[in-house]
Trainee: 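Take this structure, written in structure tokens, and hold onto it; I'll ask about it next.
The analysis underlying the following values was restricted to heavy atoms, covering all of them including side chains, and did not include hydrogens, waters or symmetry mates.
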Amino acid sequence: MIELPEEFYREEVRSGHTVTASTKKIWAVELELLSEFDRVCRECGLPYYADQGTLLGTVRHGGFISWDDDIDLIMFRKDYDRLIHECGDKFKDPFFLQTAYSEKDYFRGHAQLRKSDTCAAIPSEAYNSKINQGMFLDIFVMDNIPDNEDDLKKEIDELNAYHDVMTILTQRDIKGSALTKLRCKYGILKRRLKYGNVASVYRKTEEVVKAVPDTGLVDKLLFWHDVKSVKKIRSEWYDKTVWLDFENTKLPAPFMYDEVLKAQFGKDYMTPIKGTAFHPDLIIDTERSYKEVLGT
């Protein structure tokens with residue numbers, strides 16, 4: 001457990017947006033998750049970096065963006081693989097590192113660190129998924145990306161096909177034409193491959209991204225599902241690490257974070273644009289476990 005001063009939990013206005021006391025409780029759990037993740041990464045000697053809205057909040061606000069509700073981190077592939085295959089059992093209860101290898105119905109292309117005695121459930125999955133649905137922070141992985149558009153599109157299409165298969169294997173609420181479409185793709189792939197679970201399909205996606213040569217360009221290929229979303233991030237921007245203030249702690253950032261943020265958000269990223277949380281409809285409870293909240 002981390003200790004935060006009483007004033008941290010008070011409602012306040014940041015960047016013209018009211019941050020409620022309930023949001024502060026969510027942030028407090030996110031900081032707990034971050035503290036546990038940092039502990040394990042230090043123990044295992046694994047570098048990681050703030051990413052996306054968390055990197056933006058770190059640079060622009062010295063903490064959370066006032067309408068954000070989670071923490072996004074990122075690692076290079078070799079460090080990410082060590083995390084999930086060598087260090088996953090170092091997280092202490094109630095924390096759980098969730099991957100396709102640690103939980104059979106988990107199908108996302110990135111890991112999530114969960115806090116099992118809380119709840120953050122996506123409504124469409126809440127009552128028909130067997131996965132841990134505690135509050136989470138996202139751990140993305142940077143893979144090499146092709147340096148030409150045609151190869152990138154081909155790779156994204158292949159990864160999306162595998163993602164569809166994992167969806168079929170895990171989701172129980174897909175109906176009608178969407179189900180027929182996915183089953184068609186599933187049948188096509190099944191004739192080419194032999195697999196029986198999500199982990200084996202996920203392993204295929206890793207084979208795809210690991211086959212890309214080092215072009216000096218990286219991004220979250222297992223997260224984005226269309227070519228337009230992929231950003232051309234240069235791996236050299238991460239050659240050094242700087243530690244920046246984030247709420248009550250510090251977060252590691254690439255030393256060329258200005259270039260990263262321009263690539264992700266545009267040249268005017270320092271000008272706040274009121275948005276919404278990435279997970280606006282989550283069923284959240286900071287004090288009860290997902291099993292209690294969802295009755296599972």
Trainee: Can a donor-acceptor pair be found between the side chains of Lys291 and Gln133 at a distance below 3.5 Å?
Mentor: no

Trainee: Tell me if the centroids of the rings in Phe96 and Phe91 come within less than 6.0 Å of each other.
Mentor: no

Trainee: Would Val40 and Leu31 show up in the same hydrophobic cluster when neighbours are defined by side-chain heavy atoms closer than 4.5 Å?
Mentor: yes

Trainee: Between Asp226 and Ser229, do the side chains contain an N or O donor and an N or O acceptor separated by less than 3.5 Å?
Mentor: yes

Trainee: Mind running side-chain contact (heavy atoms from CB on, under 4.5 Å) on Ile139 and Gln112 for me, showing each step along the way?
Mentor: CA-CA 6 Å; Ile139 307 134; Gln112 292 181 305; 5.8 Å; no

Trainee: Taking Ile145 as the fixed residue, which of Ile156, Val212, Ile233, Val230 is the one that meets the side chain to side chain contact (heavy atoms under 4.5 Å, CB included) rule?
Mentor: Val230

Trainee: Would Lys204 count as a cation-pi partner of Tyr162, with NZ or CZ less than 6.0 Å from the six-membered ring centre and within 45° of the ring normal?
Mentor: no

Trainee: Heavy atoms only: give me the nearest Asp239-Ser235 pair and the separation to one decimal.
Mentor: OD1-O, 3.8 Å

Trainee: Answer yes or no: is there a side-chain heavy-atom contact under 4.5 Å between Arg108 and Asp138?
Mentor: no

Trainee: Please find the pair of heavy atoms, one from Lys231 and one from Asp219, that lie closest to each other, and give the distance.
Mentor: N-OD2, 2.6 Å

Trainee: Is Leu244 close to Val59 at the side-chain level, that is, under 4.5 Å between some pair of heavy atoms?
Mentor: yes

Trainee: Between Asn160 and Asp157, do the side chains contain an N or O donor and an N or O acceptor separated by less than 3.5 Å?
Mentor: no

Trainee: Would you say the ring centers of Tyr238 and Phe255 fall short of 6.0 Å from each other?
Mentor: no

Trainee: Is the NZ or CZ atom of Lys24 positioned over Phe8's six-membered ring, under 6.0 angstrom from the centre and within 45° of the axis?
Mentor: yes

Trainee: Run the numbers on Ser35 and Asp38 for side chain to side chain donor-acceptor pair (under 3.5 Å), then give the verdict.
Mentor: CA-CA 5 Å; Ser35 177; Asp38 181 74; over 6 Å; no

Trainee: Among side-chain atoms of Gln264 and Tyr269, is any donor-acceptor pair under 3.5 angstrom?
Mentor: no

Trainee: Can you confirm if the aromatic rings of Tyr202 and Phe107 lie within a centre distance of less than 6.0 Å?
Mentor: no

Trainee: Verify side-chain contact (heavy atoms from CB on, under 4.5 Å) between Leu34 and Leu73, making sure each step is shown before the conclusion.
Mentor: CA-CA 9 Å; Leu34 175 62; Leu73 305 176; 4.2 Å; yes

Trainee: Tyr49 versus Tyr257: any side-chain heavy-atom pair under 4.5 Å?
Mentor: no

Trainee: Grouping I, L, V, M, F, W and Y whenever their side-chain heavy atoms are under 4.5 Å apart, do Val141 and Phe223 come out in a common cluster?
Mentor: yes

Trainee: Taking the side chain as every heavy atom from C-beta outward, state whether Leu137 and Asp70 have any pair of such atoms under 4.5 Å apart.
Mentor: no

Trainee: Taking atom types as modelled, is there a side-chain donor on Asp285 or Tyr290 under 3.5 Å from an acceptor on the other?
Mentor: no

Trainee: Just distance, no hydrogens or angles: give the donor-acceptor pairs under 3.5 Å from side chains in residues 80-88, sequence neighbours left out.
Mentor:
from: Tyr80; atom 1: OH; to: Ala111; atom 2: N; distance (Å): 3.0
from: Asp81; atom 1: OD1; to: Arg77; atom 2: NH1; distance (Å): 3.0
from: Asp81; atom 1: OD2; to: Lys210; atom 2: NZ; distance (Å): 3.0
from: Arg82; atom 1: NE; to: Glu86; atom 2: OE1; distance (Å): 3.3
from: Arg82; atom 1: NH1; to: Cys44; atom 2: O; distance (Å): 3.2
from: Arg82; atom 1: NH2; to: Cys44; atom 2: O; distance (Å): 3.0

Trainee: Using a 3.5 Å distance criterion without hydrogens, assess whether the side chain of Ser102 forms a donor-acceptor pair with backbone atoms of Leu97.
Mentor: yes

Trainee: Below 4.5 Å, heavy atoms only, C-beta onward: do Leu152 and Leu221 meet side chain to side chain?
Mentor: yes

Trainee: For the pair Lys90 and Glu43, find out whether any cationic side-chain nitrogen is under 4.0 Å from an anionic carboxylate oxygen.
Mentor: yes

Trainee: Does any non-hydrogen side-chain atom of Val13 lie less than 4.5 Å from one of Val19?
Mentor: no

Trainee: Please report whether the ring centroid of Phe64 lies less than 6.0 Å from that of Phe246.
Mentor: yes

Trainee: Under 4.5 Å between any side-chain heavy atoms of Lys104 and Asn197, yes or no?
Mentor: no

Trainee: Does the side chain of Thr271 come under 3.5 Å of the side chain of Asp268 through a donor N or O and an acceptor N or O?
Mentor: no

Trainee: Assess, by modelled atom type and distance only, whether the side chains of Gln98 and Asn132 contain a donor and an acceptor separated by less than 3.5 Å.
Mentor: no

